> 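Please see the structure below; I have some questions.
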Amino acid sequence: MLFYLLFIILIIIVLIIDKFQINPLTLTFINLIPIFIGYYTLDLKNDTHLSILVLVNHYLFLIGYILFYIFKKEQRIKKNNKDIIDNKSYFSIFAFFLIVELFVVYHFAVGGIPILSSNVEMDRFNFSSSGLFGIPGRMLLFGLPFISTMVSILFYKYNSSKTKKFFLITWALYVFFNLLTGFKGALLTICLQFFLVTSISNKKWYIPNLFKLRNIVFAVVAIIYAIVMSLNYKSVSAVSINSSLNYLLNRATEQASLAGYFTINNSSFLHAYQNLHPFINEFQYYIDKYTNGIINFKSANFPVEMVVSSLLTGTPLTTNNFIVSVTLGGFAYLYILFGQYFTYFSMLIFGFLFHFLFFKAKTSNTLFKRTAYGFILLRTYVFLVNGSLAYNIINTLIMLLLFWFLFRISQILYDVLAKNIYAKKIFFSKE
């Protein structure tokens, strides 16, 4: 009874804070609702009360989010004089767009298309299969959301036939390339990201918008795609549409919560299992992996998510075995990092940070800054739902640096071409 009461009040508070608009806060909790239900289901099976602890910590997240309103009142929003879209800006954005898309095409051309693979379940995670230090694969994973955010902000600020076509092409390619990855939740993830990105662009969506015919049709198509993909996953063993639907429902609720539930209940054991603090261990593991052993931390162990997956599935934890992907969720990950009481404070800080990033993504005075803040907000949202703090920090910093470099290259390319009389006629003719 207490769970239902806290759960309902929590959702009502979220809706009131966002004024029934579909903003990043609402979208985060839409994603968390089935996870809350999963924790409660596991509590009933095991006579525990972790779901109450999870809900209380997300109340603290909301308090942190609300506290930012006090800080925001003292912030003066500067007039956006820098962000003037001229020929150079359009060219730079389009050149940057082409670079990202060509990297993605290269990734599929060299590394293969997972959805056409005989083992799509494993191959969908192989983002480094195309080589080049994993950059093409990371353009698929991080570059597409980044350029989609940038083009969306551009479109909703400068609504014209040119920006509309650019917007539609960008999102069409984003959907198409994600279909090729073979992730069962690809379309549903894009749907949520679309609402998140467009809310950053100051486009107002309201809860009833979710029930418009086109959104319902897209959701149905996304579910059908998820069913088809799950039927091709060997570990799922689904043999019919009905069994696939049962799997997807269980995966969204109980299975989505199981790794986090296990982690909280066994945090002392997991600490003892690893020879380093979980965050340091995860940080060293990914640095070692991304540098192909050039920077080799010999003391590094597997990340806690892989350890939990190994223990839950009984798969030996070696580099040669396929370890089924599990997600702890932000709260469970913070719990194992800091323990119960400091996690309360951490959730408060993340609530404040989340609102700060949303504010900066909407009000910063250049397109690149707004996109960068939006990208960090998106990665924070991913962390809150999935966990893996070190992984998200490393990839966010690396990719932001790479995006800035490529965007500057695009601007320099414009300056070079604009000075060449022949290139100027080809690229910048008004005819």
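Bear in mind the structure is a predicted one, so any value in this text is a computation, not a measurement. By convention here, the first residue in the shown sequence is residue 1.
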> Check whether any side-chain N or O of Tyr286 sits under 3.5 Å from a backbone N or O of Ala390 as a donor-acceptor pair, and report yes or no.
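Looks like no, no N/O pair under 3.5 Å.
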> Do Tyr333 and Glu305 have side-chain N/O donor and acceptor atoms under 3.5 Å apart?
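Looking only at side-chain atoms, Glu305 and Tyr333 do not form any donor-acceptor pair under 3.5 Å.
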> Centre-to-centre under 6.0 Å for Phe3 and Tyr40, is that the case here?
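They qualify: ring centres under 6.0 Å apart.
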> Quick check: His107 with Phe177 (ring centres under 6.0 Å apart)?
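No; His107 has its ring centre 6.0 Å or more from that of Phe177.
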> Is there a side chain to side chain contact (heavy atoms under 4.5 Å, CB included) between Leu210 and Ile30? Walk through the geometry before answering.
CA-CA 12 Å; Leu210 292 174; Ile30 287 174; 4.3 Å; yes
> Any luck finding a side-chain donor-acceptor pair between Ser152 and Thr198 under 3.5 Å?
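The criterion, which ignores hydrogens and geometry beyond distance, is not satisfied for Thr198 and Ser152.
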> Taking side chain to side chain contact (heavy atoms under 4.5 Å, CB included) as the test, write out the residues that go with Leu168, two or more places apart.
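Partners of Leu168 by the side chain to side chain contact (heavy atoms under 4.5 Å, CB included) criterion, ordered by chain and then number, come out as Lys164.
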> On the 0 to 90° scale, with breaks at 30° and 60°, tag the Phe68-Phe352 ring pair as parallel, tilted or perpendicular.
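Perpendicular: the ring planes of Phe68 and Phe352 meet at over 60°.
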> Would you confirm whether the ring centroid of Phe358 sits within less than 6.0 angstrom of the ring centroid of Tyr373?
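No, the ring centres sit 6.0 Å or more apart.
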> Is the distance from the ring center of Phe368 to that of Phe407 below 6.0 Å?
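Under 6.0 Å, so yes.
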> Would you confirm whether the ring centroid of Phe342 sits within less than 6.0 angstrom of the ring centroid of Phe345?
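For Phe345 and Phe342, the ring centres are under 6.0 Å apart.
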> Just do the side chain to side chain contact (heavy atoms under 4.5 Å, CB included) check on Ile393 and Phe383 with the steps written out, would you?
CA-CA 10 Å; Ile393 289 174; Phe383 166 73; over 6 Å; no
> Parallel, tilted or perpendicular, judged at 30° and 60°: which one describes the rings of Phe403 and Phe375?
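Correct class here is perpendicular.
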> Kindly indicate, with the supporting measurements, whether the criterion side chain to side chain contact (heavy atoms under 4.5 Å, CB included) is fulfilled by Leu6 and Ile9.
CA-CA 5 Å; Leu6 290 174; Ile9 293 173; 5.6 Å; no
> Once the angle between the rings of Tyr65 and His355 is folded into 0 to 90°, is it parallel (under 30°), tilted (30 to 60°) or perpendicular (over 60°)?
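Ring orientation, 0 to 90° scale: parallel.
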